[in-house]
Amino acid sequence: MNKLKVTGVLACIVLLVSHLSHASSILSGDDGYRLWLKYDYISHLEQRASYSQQLSHWHVAGNSSTDKVIRQELTYAFSSMLGNQAVDSQQGDASLLVANLAELPEALRNNATDGKEFKTDEDYLIYGFSENGQKKVLITGKTDVATLYGTYHLLRLVQTRQSIVSLNIFSSPKISVRVLNHWDNLDRHVERGYAGQSIWDWHKLPELIYQRYHDYARANASVGINGTVLNNVNADPLILTPQYLEKVKALAEVFRSYGMKVYLSVKFSSPQLIGGLETSDPTKPEVLAWWKQKSKEIYAEIPDFGGFLVKANSEGQPGPGDFGRTHAQGANMLAEALAPHGGIVMWRAFVYANEKNEERSKQAYSEFKPLDGKFLPNVLVQVKNGPIDFQPREPISPLFGATPNTPLMMEFQITQEYLGFSTHNVYLGPMYKEVLSTDTYAKGKGSTVAKVVDGSLFQNNISGMAGVSNIGSDRNWTGNVLLQSNWYAFGRLAWDHELSSEEIAQEWTQMTLTQNTQAVDKIVNLLMSSRETTVNYMTPLGLHHIMDEGHHYGPGPWIKDLGREDWTSVYYHKADEQGIGFDRSPSGVNAVAQYHEPLRSRLADPSTTPEEFLLWFHHLPWDYSIKSSGRSLWNELVHRYYQGASEVEEMAKQWSELQPWIDPLLFAQQTMVFNIHQQEAKWWRDACVSYFQSFAKRPLPDGLTPPAHPLDYYQNMKFPNAPGRGD
Ligand code: GCV
């Protein structure tokens, strides 16, 4: 064989091998389906022995369908983590006892509950005690669902290798309604969904119940999520027809055992669209009668139905405004229909209309503030965290703290509509925490958003938090395993907003990815900085809504001339030769007036506005001096774009070093995601820097590599088939 031929053969082999290394057929392993409930075998001998000793005999006292779920979970978890060393046994012999408070022997109940007040049916207690010289653990609460939550807590302790000796953990949810919002259409398209199709196979329901429905409910229960809104807020009225209610009922029956209620998004004009009425005016008796009858029909089939979520008079959806009525009149009519059955209305405050001729960030406040106190007790007004729309960073919505007599429910987005879809690795725990810990000053210092939302600030008797789901039919549920952490973090924070995003990241990592402490630290660091990194390469210094039009995939700061001014990017950044930013101060649209003092004055002045919100509230000259760095605004903007993109490279590098500790399949998949993430962060950087440079007309700071292509290259990129589009 001559040299040329040898080189040729070698090249073929190299090509084949590199091709194979991307072929899934040679890799088997963790595909992410098991989420954080993997229960991997505890390979450390001493650890396993110590847990086995403590958990060797367990007993679940009750016999409800939830108790059966607990039994199944313990059987599965212990056989998986400990080998078949733990057995379901008699109550007297059990070292782990799961039992309802009411059924406990009096002495044990008194000792265990000493000084603890069980305020809700979901509160649980995990209590370690000794009996006849044997160490035991009790999980108890007023209901079987409470003990299910306690069981998941105990399993989490084992999964994160914590001690389960002498436990005395009492936990009570800080928020009562903790729900996912699925923006899933009945044809299985998920609006703003980036993980495949809807997990609800409406066509095959009610007969076909996928195991996935159970696993979905298990995952939710394990983090304390107690409800799900099955369908898109841009609602199809058909959901309320008998044909679909039968399917809803089938799902409700699965979820009930896991403590999850089912809710539905409803179209306000349903009485006309499916009820044959001539109007949907909430003041007309026949309209109320229709909703009452519909509610009766639903509760006859689903006695624990949660209630309705409504998007009204927003982005083309019908609402009470169509009949000259207020949001309160619309919400109250539905609330009246649901009240006899114990249902609630979650009425969204995401409204903005052309006719009002008011700046978009101000409209929700203007419309809802005057309605404070006008809603019935079973109505929650659901408010997005920021005043515009789930941007990588927004100031808080000024509605938080503005309605002392109306409970406000938080709406977070878990799916990444404006955060790079499912190929950008962004852990949202820090963002949720940033919002929740922001001070509204509504009742003086310390009036945090969390206290508004959990009802403690204004003593509301109902509280709620919703997360727009990132779940789809993808085998790994969320399109990218790292993004499972956002579903997880949402649930954990909805239960207890005082947890830190770091501890949540840590427990999620240990349960999902690896037990190696060094690797866990690395991953937690990577997760913790990921959101700030994303803000840097997408929307630094308070820029917002500069994504490409419609689908919101990729950069589009040049977008203009759409049906509405406030759908364009140029409306939001207002870049010109003088400077950049939206003047929402008193010299501009005065959106700051909607906040309480001292926030209002702080945000009114660029020198006291936090830098992360500078261009949200102010239009500033390109040479404005940035306090923290001494750079000019132009140089700072460019610096942050470059910093963000290089941080993603660093994240990818960190990830590549984790190979020894991560399942090979999961590692390979995630590595490919990181490759996309790196490319897209650079794309964001280059497109935005080129575009803004065309106004700033200033050079890039020394030492930076200029964008790879001219501006029109980025402007001409088109993605007509980007996933998750709204209709
Ligand atoms: C479900 C944004 C999204 C829409 C979404 C809307 C809403 O505008 O782009 O897809 O509609 O918010 O929250 O209602």
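One is the number of the first residue; the rest follow in order along the sequence. Bear in mind that the values here come from a model prediction, so they are computed numbers and not experimental data. For ligands, and for the atoms within them, numbers begin at 1 and follow the listed sequence.
Counting atoms of ligand 1 from 1 in the listed order, those under 4.0 Å from a heavy atom of His552 are 9 (O). The atoms of ligand 1 that sit less than 4.0 Å from any heavy atom of Asn232 are 1 (C). Close approach to Val233 involves these atoms of ligand 1, each under 4.0 Å from a residue heavy atom: 1 (C), 14 (O). The ligand atoms of ligand 1 that sit less than 4.0 angstrom from a heavy atom of Phe350 are 6 (C), 7 (C), 8 (O), 12 (O), 13 (O), 14 (O).
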Original post:
Is there a side-chain hydrogen bond (donor to acceptor under 3.5 Å, both in side chains) between Asn313 and Glu367 once you walk through the steps?
Top reply: CA-CA 11 Å; Asn313 293 121; Glu367 230 168 294; over 6 Å; no
**OP:** Show your reasoning for whether side-chain hydrogen bond (donor to acceptor under 3.5 Å, both in side chains) applies to Glu680 and Tyr553.
**Re:** CA-CA 10 Å; Glu680 296 197 351; Tyr553 171 62; 2.5 Å; yes
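Here the heavy atom of the protein found nearest to atom 14 (O) of ligand 1 is Lys311 NZ, 2.6 Å. The single protein non-hydrogen atom nearest to atom 6 (C) of ligand 1 is Glu315 OE1, 3.3 Å, given as residue, atom name and distance. The protein heavy-atom contact nearest to atom 4 (C) of ligand 1 is Glu191 OE2, 3.4 Å. For atom 2 (C) of ligand 1, the closest non-hydrogen atom of the protein is Asp389 OD2, 2.9 Å. For atom 3 (C) of ligand 1, the closest heavy atom belonging to the protein is Glu417 OE2, 3.2 Å.
Under 4.0 angstrom from ligand 1, there are no non-hydrogen atoms of Phe390. Contact annotation for Val468 and ligand 1: no heavy atom of the residue comes within less than 4.0 Å of the ligand.
Between Ile546 and Trp684 the shortest side-chain heavy-atom distance falls below 4.5 Å.
Side-chain N or O atoms of Asn476 include one that pairs as donor or acceptor with a backbone N or O of Gly479 at under 3.5 Å. Between the side chain of Lys718 and the backbone N or O of Gln715, at least one donor-acceptor pair lies under 3.5 Å.
For the residue pair His618 and Thr609, a side-chain donor N or O sits within less than 3.5 Å of a side-chain acceptor on the partner. Under the 3.5 Å distance criterion, with hydrogens and angles disregarded, no donor-acceptor pair is assigned to the side chains of Asp236 and Asn231.
Residue contact annotation: Lys384 has a non-hydrogen atom under 4.0 Å from ligand 1.
For Lys384 and Glu394, the salt-bridge test fails: no basic side-chain N is under 4.0 Å from an acidic carboxylate O.
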